There are 2 protein chains.
Amino acid sequence: MRLSVVSWNVNSVRLRMEQIAKFLNSIDADVICLQEIKCQEHEFPRQAFADIGFPYIHIAGQKGWHGVAIASRYPFEANELLPFCRRGEARVQAIVVSGVEIWNFYIPAGGDVPDRAANDKFDHKLEFYERVSAHLKTRNKDHPLLICGDLNIAPGEFDVWSHRQMLKIVSHTPQEIDAFGEFITSGELYDPFRDAYPVPEKIFTWWSYRAADFRKSNRGLRLDHILLNPALKARTTGDITAKIHDWVREWERPSDHAPIQVEFTI
Amino acid sequence: MRLSVVSWNVNSVRLRMEQIAKFLNSIDADVICLQEIKCQEHEFPRQAFADIGFPYIHIAGQKGWHGVAIASRYPFEANELLPFCRRGEARVQAIVVSGVEIWNFYIPAGGDVPDRAANDKFDHKLEFYERVSAHLKTRNKDHPLLICGDLNIAPGEFDVWSHRQMLKIVSHTPQEIDAFGEFITSGELYDPFRDAYPVPEKIFTWWSYRAADFRKSNRGLRLDHILLNPALKARTTGDITAKIHDWVREWERPSDHAPIQVEFTI
DNA sequence: GTCATAAGAG
DNA sequence: CTCTTATGAC
C-alpha cells in the first residue's frame with residue numbers, strides 16, 4: 001500500500017481549519033501530523049477533519065499552547081511514549097498505522113540565549129533531544145518507525161538562509177546541530193528531503209512572520225522534518241518522495257510553517 | 001439635490017473596512033456617519049474610503065474605544081460642538097454639508113444598573129442627553145440639522161423585542177425614555193423611521209452578539225437613529241425615505257449594529 | 001507579525 | 001459573543 005504522511009505546524013488548528021481542508025483537498029495525504037494546535041482535545045475541530053475524509057484522530061492538547069494531533073484516513077492504534085518533555089507539555093504522541101509507528105513531535109523552540117545554564121528553555125530543548133536519542137538506542141530496531149514534526153533545529157548548512165549568521169542563533173547553534181546529529185545516529189534515521197532536494201540547494205519549511213515579503217527576503221529555516229528508520233525504509237518498495245509545500249505559506253494569514261510530505265509504498 | 005445619509009456603529013472600522021466598502025458599493029449613500037471606529041485618527045483607513053468615492057473624511061478618534069467618523073462624497077466643513085461628553089471621550093462630531101448641519105453621536109451605553117447614584121456610567125449617559133437637550137433649546141432653529149448615531153436608547157414600545165422585559169434594562173428604562181423624549185422635544189426632531197415602518201411594527205437596529213441566531217430569536221433593539229429638525233424637514237421636497245439595512249447583520253463577522261439610511265431632496 | 005491568554009466593555 | 005488593551009511566546 002501507498003502511505004502518504006504530512007507534517008505541519010499549523011499555529012492554531014481552529015484558526016487554520018479552512019486552510020488545512022483546502023490543503024488536504026489538493027494533495028493526496030493519508031495521515032497528517034499537526035503541531036501547535038493550541039487547543040484542548042474537546043476544542044479540536046474533529047468534524048471538519050471527518051468531513052474531508054480524516055475521521056480517525058488522536059489529540060494531545062492543552063490550554064493555549066503547544067499541542068499535537070494526528071488525523072488519518074485509516075484506523076490506527078495509539079501508543080504511549082516516554083516523557084520526553086520534562087515539563088509535561090503536550091508535545092509528543094505516537095500511533096501505529098498499517099504496521100508503521102509514527103511519532104509526532106513539537107520540540108521546544110529553546111528561547112533566545114544558547115546557553116543551558118543561563119536559559120532553562122534551551123536546556124529543556126536539549127534534554128528533550130537527549131531523552132529521545134537515549135530511547136532510540138534501546139528501542140527494537142526491527143519495528144518500522146517514522147518520526148516527524150516541528151523539531152525546531154535546522155541541522156545542515158543548507159537548511160538555513162545564512163549558515164554564518166545563524167550559527168549564533170537558537171535552532172542552528174553547534175550544540176543543537178550536535179544534538180540533532182546524535183538523534184539521527186541513535187535512530188539511524190533517513191532524511192528523504194535531502195535526496196529530493198540535494199545539497200547545496202537551500203530548503204526551508206519556516207519563514208518568520210516578521211518579514212514583509214517572505215519570498216523576497218527568503219530568510220527561512222528547515223525546522224520541520226520527516227525521518228524514517230532503517231526497518232521502515234527496508235519495508236518500502238519503489239521511490240520515497242518528499243515535498244515541501246511552500247506555496248501554502250503564500251496564502252492569506254498562513255501559518256509561519258509550510259506543510260511537508262513524504263510518500264512511499266510498503 | 002438628493003442627500004443620502006447613513007449611520008452605522010461598525011464596531012471597529014479597521015476590522016470592518018471590507019464590509020463597509022461592500023455595503024457602500026451596494027447602496028447610494030452620500031455621507032456615512034460611523035460610530036465605534038475604535039482607532040485613532042492616524043489609524044483610520046482613509047485610502048479605503050477614498051477608493052470607493054468617499055474622499056472627504058472627518059475623524060474624532062481615540063485609542064481603543066469609542067470614536068466617530070464621517071466620510072462623504074462631497075466636501076464639507078467641520079464644526080465645533082459643545083462638550084456633551086463630560087469625560088472628553090471621542091463621541092461627538094459635527095459637519096456642514098450642502099447647508100445641512102450633521103451631528104454624529106456615539107452616546108454612552110450607560111452600564112448595567114439603571115441608577116444615577118449607584119452607577120456613574122448611567123449618570124454620564126443621562127447627563128449627555130441633558131446637555132444635548134439644553135443646547136438644542138438655545139440653538140438657532142432656522143439652521144437645518146440632522147442628528148444621527150448610536151444614541152443607545154430604544155425609546156418606543158415597538159423599538160424593543162419585549163417592552164415589558166426591557167423596562168428594567170438600560171436602554172429602555174423609563175428614565176431614559178423620558179430623557180429621549182426631552183431630547184426630541186427640545187429639538188422638535190422628526191423621526192422618519194416611524195413613517196417608513198409604522199407602529200405597531202417592531203423595528204430594530206441592534207442584535208446582541210450573544211444570540212446564536214439573531215434572526216431566530218430576534219431579540220433586537222432600535223438604538224440607532226437619524227433625526228431631522230423642522231428647518232431641515234421644511235427644506236426637503238418630495239419623500240423622505242428611511243431604511244434599516246438589517247441584511248448586513250447577516251454577514252460573516254458583522255457589527256452587532258445594522259446600518260440605517262435616510263434619503264431626501266433639498 | 002501572529003498566535004494564545006486575561007481583563008474590561010458592550 | 002466580539003471587540004479593545006496588554007503581555008508572552010516564537
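Residue numbering restarts at 1 for every chain, and letters A, B, ... go by the order of the sequence lines. Hydrogens, waters and symmetry mates play no part in the numbers below; they use all other heavy atoms, side chains included. Owing to the predicted nature of the structure, the values given are computational and were not obtained by experimental measurement.
- Between D:dT4 and B:S12, a contact under 4.0 Å exists linking OP1 or OP2 to a side-chain N or O.
- The phosphate of D:dC3 has OP1 or OP2 within less than 4.0 Å of a side-chain N or O from B:R16.
- In this structure, CD of A:E36 is placed 7 Å from C1' of D:dC10, rounded to the nearest angstrom.
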Can you list, pair by pair, the side-chain donor-acceptor contacts under 3.5 Å of residues 162-169 of chain B, counting residues two or more places apart and other chains?
{"residue": "B:S162", "atom": "OG", "partner": "B:Q165", "partner atom": "N", "Å": "3.1"}
{"residue": "B:H163", "atom": "ND1", "partner": "B:H172", "partner atom": "NE2", "Å": "2.8"}

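- Separating the CD atom of B:Q35 from the P atom of D:dT4 is a distance of 16 Å, rounded to the nearest angstrom.
- Atom pair B:I107:CD1 and C:dA9:P shows a separation of 20 Å (rounding to whole Å applied).
- Taking the side chain of B:K121 as heavy atoms from C-beta on, and the options C:dA9, D:dC3, D:dA9, the nearest nucleotide is C:dA9.
- Distance A:Y209 OH to D:dA9 P: 18 Å, rounded to the nearest Å.
- Summarising the geometry, the separation between CG on A:D256 and P on D:dA9 is reported as 16 Å, rounded to the nearest angstrom.
- Nearest to the side-chain atoms of B:W65 among the listed nucleotides D:dA9, D:dT4, C:dG10 stands D:dT4.
- Straight-line distance from the CZ atom of A:R14 to the P atom of C:dC3: 12 Å, rounded to whole Å.
- The side chain of B:R210 approaches C:dG10 more closely than any other nucleotide in the set C:dG10, C:dA4, D:dT4.
- C:dG10 atom P lies 7 Å from atom NE2 of B:H66, rounded to whole Å.
- For the 3.5 Å distance criterion, the side chains of B:N11 and B:S255 fail to qualify, holding no donor opposite an acceptor.
- Between B:F49 and B:F54, the two ring planes are perpendicular [angle over 60°; tilted spans 30° to 60°].
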Taking Watson-Crick (N1-N3 plus N6-O4 or O6-N4) and G-U wobble (N1-O2, O6-N3), each under 3.5 Å, can you produce the dot-bracket string of DNA chain D? Use [ ] for crossing pairs and | for inter-strand ones. ||||||||||

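- Straight-line distance from the CZ atom of A:R91 to the P atom of D:dC10: 7 Å, rounded to whole Å.
- There is no side-chain donor-acceptor pair under 3.5 Å between B:N152 and B:K125.
- Among the nucleotides C:dA6, D:dC3, C:dC3, the one closest to any side-chain atom of A:K63 is C:dA6.
- B:E41 places no side-chain N or O within 3.5 Å of a backbone atom of B:A60 that could act as its donor or acceptor partner.
- Each of C:dT2, C:dG10, C:dA4 was ranked by its minimum atom distance to the side chain of A:R253; first place goes to C:dT2.
- One side chain, B:W207 or B:N218, offers a donor N or O that lies under 3.5 Å from an acceptor on the other.
- Counting only heavy atoms from C-beta on, B:L15 has its side chain closest to D:dC3 among C:dC3, C:dG10, D:dC3.
- Mapped onto DNA chain C by nearest heavy atom, A:A211 and A:I37 fall at different nucleotides, with A:A211 at the one closer to the 5' end.
- Under 3.5 Å, the side chains of B:Q93 and B:H58 contain a donor-acceptor pair of N or O atoms.
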